[in-house]
Amino acid sequence: MVDRLANSEANTRRISIVENCFGAAGQPLTIPGRVLIGEGVLTKLCRKKPKARQFFLFNDILVYGNIVIQKKKYNKQHIIPLENVTIDSIKDEGELRNGWLIKTPTKSFAVYAATATEKSEWMNHINKCVTDLLSKSGKTPSNEHAAVWVPDSEATVCMRCQKAKFTPVNRRHHCRKCGFVVCGPCSEKRFLLPSQSSKPVRICDFCYELLSAGDMATCQPARSDSYSQSLKSPLNDVSDDDDDDDSSD
């Protein structure tokens, strides 16, 4: 089915429409053999709160961006190669339902669909595309993935020292290895994580000690399936067109 669509005029036209919606700031998406499998709005759990994002699933990449005008204009385009993607279902909790984790070596995050059927369709299509890609390339699934950041609203105190309370002055920071919300004194160290950045990134003292000792197995990314608090306790937020900035702490 995908092979038949690859060179069809309808597929070329659909991909061109997506390119136009992102405008000059977006990357070109039309390449030989690429097929647009589907698209839709998913709720992405960003650092501050859940936000609606437009997602496009191609047979080799996953693209998403901020919604400026639905079906007409998007910005802040993100492109994720599917061969690096693994997904895990998230149990329903509170107002956050029908979710799953999208995990890659560079970035990992949670998304939520409107219905259980929509979730199933997204996950099935993503898994099918990943399986087909790996089968053609002969590569093995990636075992390494970046931590899923714990939302700011889930931590009123540092998740490492359990003492420092967060205030407008005492800011929250995120460890790039475990994803915990930590205070400044508990995350003063930097460590090179090549899959995430070409420069050393902020990590907590706990992960720094393990990484420095070469204990990569113990220092595993955190996985939080309990995200309901982020809907109930919104903090001072950035504007709606901002995403969870990778360069932010």
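Values reported hereafter were calculated over all heavy atoms of this structure, with side chains retained and with hydrogens, waters and symmetry mates removed.
- The shortest distance between side-chain heavy atoms of Lys128 and Asp132 falls below 4.5 Å.
- Under the side-chain contact (heavy atoms from CB on, under 4.5 Å) criterion, Arg97 pairs with Asp92, not counting sequence neighbours.
- In this structure, Arg34 and Asn59 have side chains that are in contact, with non-hydrogen atoms separated by less than 4.5 Å.
- At a threshold of 4.5 Å between non-hydrogen side-chain atoms, the residues Phe206 and Val182 do not count as touching.
- In this structure, the side chains of Arg53 and Asn66 come closer than 4.5 Å at one or more pairs of heavy atoms.
- If you chain together hydrophobic residues whose side chains sit under 4.5 Å apart, Ile37 and Trp100 fall into the same group.
- Among all heavy-atom pairs drawn from Ser108 and Val148, the shortest one is CB-CG2, 3.7 Å.
- Under the 4.5 Å side-chain heavy-atom criterion for ILVMFWY residues, a single connected hydrophobic cluster contains both Phe56 and Ile15.
- The two residues Leu192 and Ser197 have their closest heavy-atom pair at CD1-O, 3.7 Å.
- Between Cys207 and Arg160, the closest side-chain pair of non-hydrogen atoms falls below 4.5 Å.
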**Asp205 and Lys189: CA distance, side-chain angles, deciding distance, side chain to side chain contact (heavy atoms under 4.5 Å, CB included) verdict** = CA-CA 7 Å; Asp205 292 348; Lys189 304 288 197 303; 3.7 Å; yes

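- Tested against Tyr64 for a ring pair (Phe, Tyr, Trp, His ring centres under 6.0 Å), the candidates Phe109, Trp122, Tyr74 yield a single pass: Phe109.
- Every side-chain contact (heavy atoms from CB on, under 4.5 Å) that Ser195 has, sequence neighbours left out, goes to Pro105, Glu144.
- Taken from NZ in Lys73 to CD in Gln54, the straight-line distance is 15.0 Å, to the nearest 0.5 Å.
- In terms of heavy atoms, Leu133 sits closest to Glu83 at CD1-N, 3.9 Å.
- Two residues are said to be in side-chain contact when any heavy atoms from C-beta on lie closer than 4.5 Å; His78 and Lys107 meet this criterion.
- Partner of Asp152 under the side chain to side chain donor-acceptor pair (under 3.5 Å) criterion, out of Arg172, Arg47, Lys49: Arg47 alone.
- Rounding to the nearest 0.5 Å gives a distance of 5.0 Å between SG of Cys158 and CZ of Phe166.
- With a 4.5 Å cut-off on side-chain heavy atoms, His174 and Val181 count as touching.
- Side chain of Ser198 to main chain of Pro194: no donor-acceptor pair is present (N/O by atom type, distance under 3.5 Å, no hydrogens or angles).
- For Ile61 against Pro81, the heavy-atom pair with the smallest separation is CG2-CA, 4.2 Å.
- Screening residues 117-127 for salt bridge (Lys or Arg N to Asp or Glu O under 4.0 Å), with sequence neighbours left out, gives no hits.
- Judged as a side-chain contact (heavy atoms from CB on, under 4.5 Å), and not counting sequence neighbours, the contacts of Ser212 are Phe191, Tyr208.
- In this structure, SG in Cys186 is found 10.5 Å from NE2 in His173, a value given to the nearest 0.5 Å.
- Here the shortest heavy-atom pairing between Leu36 and Arg14 reads O-NH1, 3.2 Å.
- Put simply, Ile80 and Val35 are part of the same group of oily side chains (I, L, V, M, F, W, Y) that touch within less than 4.5 Å, one to the next.
- One distance of note links SG of Cys129 with CG of Leu134; it measures 11.0 Å at 0.5 Å rounding.
- Of the inter-residue distances, the one linking Leu101 atom CG with Leu45 atom CG reads 9.5 Å to the nearest 0.5 angstrom.
- The number of heavy-atom neighbours closer than 6.0 Å to CG of Asn124, taken from other residues, nucleotides and ligands shown, is above 12.
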Between Leu82 and Asp60, does the side chain to side chain contact (heavy atoms under 4.5 Å, CB included) criterion hold? Intermediate values first, please. CA-CA 5 Å; Leu82 282 179; Asp60 62 333; 5.6 Å; no

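- Atom-to-atom distance recorded for His145:NE2 and Thr104:OG1 is 9.5 Å, nearest 0.5 angstrom.
- Both Phe58 and Val41 sit in one connected hydrophobic cluster of ILVMFWY residues. Membership requires side-chain heavy atoms under 4.5 Å apart, directly or through other members.
- Gln196 meets the side-chain contact (heavy atoms from CB on, under 4.5 Å) test with Ala146, Arg176, Leu193; sequence neighbours excluded.
- Residues Leu62 and Val85 fail the side-chain proximity criterion, which asks for heavy atoms closer than 4.5 Å.
- Of all heavy-atom pairs spanning Met123 and Asp88, the tightest one is CE-C, 4.2 Å.
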Quick one: side chains of residues 19-32, donor-acceptor pairs under 3.5 Å with protein atoms, not counting sequence neighbours, listed by atom name and distance.
unit_1 : atom_1 : unit_2 : atom_2 : d
Glu19  : OE1    : Thr30  : OG1    : 3.4
Glu19  : OE2    : Leu29  : N      : 2.5
Glu19  : OE2    : Thr30  : N      : 2.9
Glu19  : OE2    : Thr30  : OG1    : 3.3
Asn20  : ND2    : Ser16  : O      : 3.3

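- Considering Val111, Val130, Ile126 in turn, Ile126 is the only one that fulfils the side-chain contact (heavy atoms from CB on, under 4.5 Å) rule with Ile87.
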